[in-house]
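What follows is one structure encoded as structure tokens, with my remarks underneath.
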Amino acid sequence: MGNFTFDTNSQFAIIVFETLTQKGKEMAHTATTVLNDNFKRIGETSLDERKRVSLAKILESLKQKLGGELDPAIRFGIYVNDAGQVLLSPEISVPMHELWLYRNREALKMVVRGLEEAREGKLVDLGSFEKYADDDID
């Protein structure tokens with residue numbers, strides 16, 4: 001199965017990595033979205049003995065830009081340009097069974113609108129659905 005992610009900075013989720021299967025071979029297809037080219041230097045780091053780079057210096061800045069605590073499921077898309085510059089884009093994985101929503105812009109807009117209306121208190125109480133709890137689902 002493929003690994004699907006969306007960018008946490010976009011208004012609507014953008015699928016940035018998609019694994020396709022063609023003739024039994026998995027082929028990776030990537031689409032890079034740079035949301036803002038206003039990069040600011042916030043420090044420097046070097047490789048450790050295992051050739052890793054620490055992101056500790058950027059975590060506080062990242063928390064502020066993303067609105068609070070970082071989700072433990074956060075991942076980073078890694079992009080490199082022709083000049084060798086590296087861009088890390090914060091992402092989270094989307095479960096395969098939810099992928100349809102991010103591919104269907106109209107459905108996604110309706111869900112986002114519904115969440116905004118709920119946040120604004122625009123709710124209608126339809127009562128209890130308890131009487132349907134034991135119904136068979138086809």
Side-chain angles (χ1 to χ4, degrees):
M1 290 291 175
N3 179 22
F4 300 91
T5 58
F6 68 89
D7 185 10
T8 56
N9 286 329
S10 60
Q11 181 180 0
F12 299 108
I14 300 170
I15 299 173
V16 295
F17 183 84
E18 180 177 347
T19 302
L20 305 171
T21 303
Q22 183 180 39
K23 296 181 183 178
K25 289 184 173 181
E26 289 204 344
M27 299 171 49
H29 167 72
T30 59
T32 306
T33 302
V34 176
L35 300 173
N36 182 318
D37 61 2
N38 185 25
F39 292 95
K40 189 175 2 176
R41 183 182 179 100
I42 60 171
E44 67 179 56
T45 187
S46 60
L47 297 174
D48 68 9
E49 66 280 351
R50 293 179 58 195
K51 299 189 186 312
R52 297 176 298 185
V53 174
S54 172
L55 300 179
K57 292 179 181 178
I58 68 157
L59 290 182
E60 203 53 47
S61 174
L62 193 56
K63 285 180 192 178
Q64 291 171 359
K65 292 187 184 316
L66 296 179
E69 289 301 310
L70 297 178
D71 189 303
I74 197 166
R75 303 163 53 103
F76 292 90
I78 305 168
Y79 306 93
V80 63
N81 66 15
D82 292 340
Q85 294 174 307
V86 176
L87 169 69
L88 299 176
S89 181
E91 303 169 349
I92 60 171
S93 293
V94 175
M96 210 52 163
H97 66 275
E98 294 177 8
L99 182 60
W100 71 270
L101 180 62
Y102 299 100
R103 287 186 168 167
N104 183 330
R105 285 245 187 242
E106 289 305 309
L108 183 60
K109 286 178 186 178
M110 290 180 354
V111 168
V112 170
R113 185 173 56 244
L115 291 171
E116 288 170 353
E117 289 173 359
R119 191 174 21 256
E120 294 168 2
K122 298 177 182 176
L123 305 172
V124 176
D125 185 354
L126 298 175
S128 174
F129 288 82
E130 184 178 4
K131 66 182 180 181
Y132 303 107
D134 293 327
D135 286 1
D136 289 331
I137 299 174
D138 296 329

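Only this structure's heavy atoms are used, side chains among them; waters, hydrogens and symmetry mates stay out.
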**Request:** Report yes if the side chains of F76 and S89 come closer than 4.5 Å at any heavy-atom pair, otherwise no.
**Result:** no

**Message:** Does atom OH (Y132) have a neighbourhood of more than 12 heavy atoms from anything else shown, all under 6.0 Å?
**Reply:** no

**Message:** Grouping I, L, V, M, F, W and Y whenever their side-chain heavy atoms are under 4.5 Å apart, do I137 and F129 come out in a common cluster?
**Reply:** no

**Item:** Distance, nearest 0.5 Å, that separates OG of S54 from CG of L47
**Value:** 11.5 Å

**Request:** Step through the shown structure and confirm whether more than 12 heavy atoms of other residues, nucleotides or ligands are within 6.0 Å of CD on E130.
**Result:** no

**Asked** So, for I42 and S61, which heavy atoms are closest and what is the spacing to 0.1 Å?
**Response** CD1-CB, 4.3 Å

**Prompt:** Looking at CG of L101 and CE of M110, how far apart are the two atoms once the value is rounded to the nearest 0.5 Å?
**Reply:** 9.5 Å

**Request:** Grab the two heavy atoms, one from D125 and one from G127, that are nearest each other, plus how far apart they are.
**Result:** OD1-N, 2.8 Å

**Request:** Please answer: with hydrophobic residues joined when any side-chain heavy atoms are less than 4.5 Å apart, are W100 and L115 in the same cluster?
**Result:** yes

**Message:** I want to check something: taking the side chain as every heavy atom from C-beta on, are V53 and V86 in contact at a cut-off of under 4.5 Å?
**Reply:** no

**Message:** So, taking the atom named CZ in R75 and the one named CD1 in I78, what distance separates them when rounded to the nearest 0.5 Å?
**Reply:** 10.0 Å

**Item:** Separation of L62 CG from L55 CG (nearest 0.5 Å)
**Value:** 8.5 Å

**Asked** Say you draw a straight line from CG of L70 to NZ of K65; how long is it, rounded to the nearest 0.5 Å?
**Response** 13.0 Å

**Fill in**
Distance col, row L108:CG vs R103:CZ, nearest 0.5 angstrom, shows 13.5 Å

